[in-house]
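Numbers here are sequence positions counted from 1. These numbers were taken from a predicted model, which means no experiment stands behind them.
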Amino acid sequence: MTEINDFRDFLNLLKENNELVEIEKEVDIIHEIGSIIATLEKKEREAVLFKNIKDHEIPVTGGILASQNRIALALDSKPSLISEKMEKALNNPIKPKEVSEAPVKENIITGNDINLEKFPIPTHAPKDGGPFITAGITIGGDVENGRQNLSFQRMHVKGKDKTGIMINEWRHLRNFLDAAEAKGESLPIAVAIGVDPTISIAAGLRYDGDEMEIASALRGKPIEVVNAHTSDLLIPAHAEIVIEGEIPPNVREEEGPLAEFTGHYGELWKSPVFKVKAICHRNDPIWQTLNGASYEHMNLGNVLPREPLLKRQVSYVSDNVKDVHIPPYGSGFLAVISIDKQNPGEPKNLAMAAMTAYVNIKNVIVVDTDVDIYDSSDIMWAFSNRVDPREDIFYIPNSQGHELDPASDERGVQTKMGIDATLWKEKDNLEKVVYPEVDLDKYINN
Ligand SMILES: Cc1cc2nc3c(=O)[nH]c(=O)nc-3n(C[C@H](O)[C@H](O)[C@H](O)COP(=O)(O)O)c2cc1C
Ligand SMILES: [Mn+2]
């Protein structure tokens, strides 16, 4: 097992596990890279390293955490143990370690030399509004007490040293910006690209301390951080690239649209802007990107951060829960629970509990333990075989969901649905047909 200290180590680990495909053919940052990443994901294939980018020297990677297998590799775990590992890390944070020298400082670009256009920043989906930094980790700090925070914020590139930065309500970075703006001050931030995947996973979490502590806990040792070049912020010492700068107070400009987590395009949005003051990067840096509306987007934003919450909530209601999953194809609106049912009413209680585990969860399917909740066709099989719609489906109208759910009103008010897809008690003698799986290589010469 390769020890992971940085993004490069993880790319090597993916390669060793046949989870990374390298493309030598020249590709265009406009739409072509996005389409290749999407096609690989649709065919459940590897992450990708583009070595030859038209008009650019820096290679690009994408689809890094688009699958459960690759997330398990990132966490040195197994797909079925991921939510447990997340829960453990959240309960046992480890402080990052400050170092004075760092690979990310090998090259520092400042002043007139700053030019974001020298970096291969893709325009991903066909109707995206332009090039976006999508896999960047925003590092921000509380101007009052200096506490740091990690999060994802999309950045629409608007010139050599300027991007938009979308900061939604209920974000820690929003609180920091509100406080800075109240004083008429700029907010210093840094954006790290190409990091240990535990940092990306931690950045998608809602945690009240520094998410770097969760990244360190996921890695099992302190992650090394170093002082930024232009501010007091601590940046990942082994990041491929860190873009430093500030958000000037009270500036709002249109940015977008971008493929949203709902699988629909978002709208143009009035967002703050990010003025770049320095770019630090390693020798021979690698750019990391991710597609909007991809499984990777969903995994980081909806699946990994919320499965531990879901598990906690439903396990509180019943000891008979075997596993939970928020599948990436459900945009975070769907939850699946498997249960060793002991009481006919148990699945409905669990569905109700799941709906309150996180506001986005709208549809809940409860299945027996003979159903693989990571296999959508198995879930649809249970839904087709074991559901009497009148008895097994219930609705809760006028509940609160997410306002971007196309089936909710502008405040997120919607109907939630619970589905008991467990076998009826009277049919307990029915047994699911399971053929043993064989190793085909023993029978077929490829
Ligand atoms: C790929 C991806 C893109 C995201 N884009 C944005 C964004 O543009 N603006 C935003 O405010 N949140 C965005 N989010 C959500 C936040 O990054 C996420 O909720 C994070 O946990 C917020 O951190 P906080 O709790 O420290 O504020 C995105 C999440 C992911 C995974
Ligand atoms: Mn936070």
Sole residue of E22, E57, E26 in salt bridge (charged side-chain N to carboxylate O under 4.0 Å, His left out) with K51: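 Testing K51 for a salt bridge (charged side-chain N to carboxylate O under 4.0 Å, His left out) against E22, E57, E26 leaves exactly one candidate, E22.
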Within a radius of less than 6.0 Å around CG of N91, do more than 12 heavy atoms belonging to other residues, nucleotides or ligands occur? yes
CG/N112: more than 12 non-hydrogen atoms of other groups inside 6.0 Å: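 No, because the 6.0 Å sphere around CG of N112 holds 12 heavy atoms or fewer from other groups.
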Determine whether [X] and [Y] make a side-chain contact, defined as any pair of heavy atoms from C-beta on separated by less than 4.5 Å.
X: L177; Y: R171; value: no
X: R147; Y: F176; value: yes
X: P120; Y: F50; value: no
X: I165; Y: V191; value: no
X: D372; Y: W381; value: no
X: F274; Y: T138; value: no
X: I201; Y: L300; value: yes
X: D9; Y: E3; value: no

Working note: K25 + E32, criterion salt bridge (charged side-chain N to carboxylate O under 4.0 Å, His left out); need CA distance, chi angles, decisive distance, verdict. CA-CA 12 Å; K25 184 175 157 47; E32 193 173 10; 5.5 Å; no
When you compare the side chains of [X] and [Y], does any donor N or O come within less than 3.5 Å of an acceptor on the partner?
X: E244; Y: S231; result: no
X: E307; Y: H325; result: yes
X: N302; Y: Y358; result: no
X: N5; Y: K221; result: yes
X: H172; Y: D208; result: yes

Nearest-0.5 Å distance that lies between atom CG in L20 and atom CG in L40: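 It is 10.0 Å, given to the nearest 0.5 Å.
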Heavy-atom pair of closest approach, residues K348 and F394: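 Scanning both residues, the minimum pair turns out to be CD-CD2, 3.6 Å.
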Test L150 against every option in L173, I214, I199, V195 by the side chain to side chain contact (heavy atoms under 4.5 Å, CB included) rule and name the one that passes. I199
Counting N and O atoms only, with roles assigned by atom type, does the side chain of [X] sit under 3.5 Å from a partner on the main chain of [Y], one being a donor and the other an acceptor?
X: K362; Y: G332; answer: no
X: S408; Y: H402; answer: yes
X: T134; Y: N291; answer: no
X: E211; Y: A202; answer: no
X: S331; Y: F333; answer: no

Are K270 and E254 within salt-bridge range, i.e. N to O under 4.0 Å? no
Would N69 and S67 count as a side-chain hydrogen bond (donor to acceptor under 3.5 Å, both in side chains) here? Give the steps. CA-CA 5 Å; N69 275 346; S67 77; 5.3 Å; no
Indicate the ring-plane relationship of F119 and H281, choosing parallel, tilted or perpendicular according to the 30° and 60° boundaries.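 Answer is perpendicular, since the angle exceeds 60°.
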Walk me through it: do R154 and E260 pass the test salt bridge (charged side-chain N to carboxylate O under 4.0 Å, His left out)? CA-CA 11 Å; R154 74 188 203 194; E260 273 290 355; 3.5 Å; yes
Steps toward salt bridge (charged side-chain N to carboxylate O under 4.0 Å, His left out) verdict (R252, E181): CA-CA 12 Å; R252 299 291 183 269; E181 288 190 328; 3.1 Å; yes
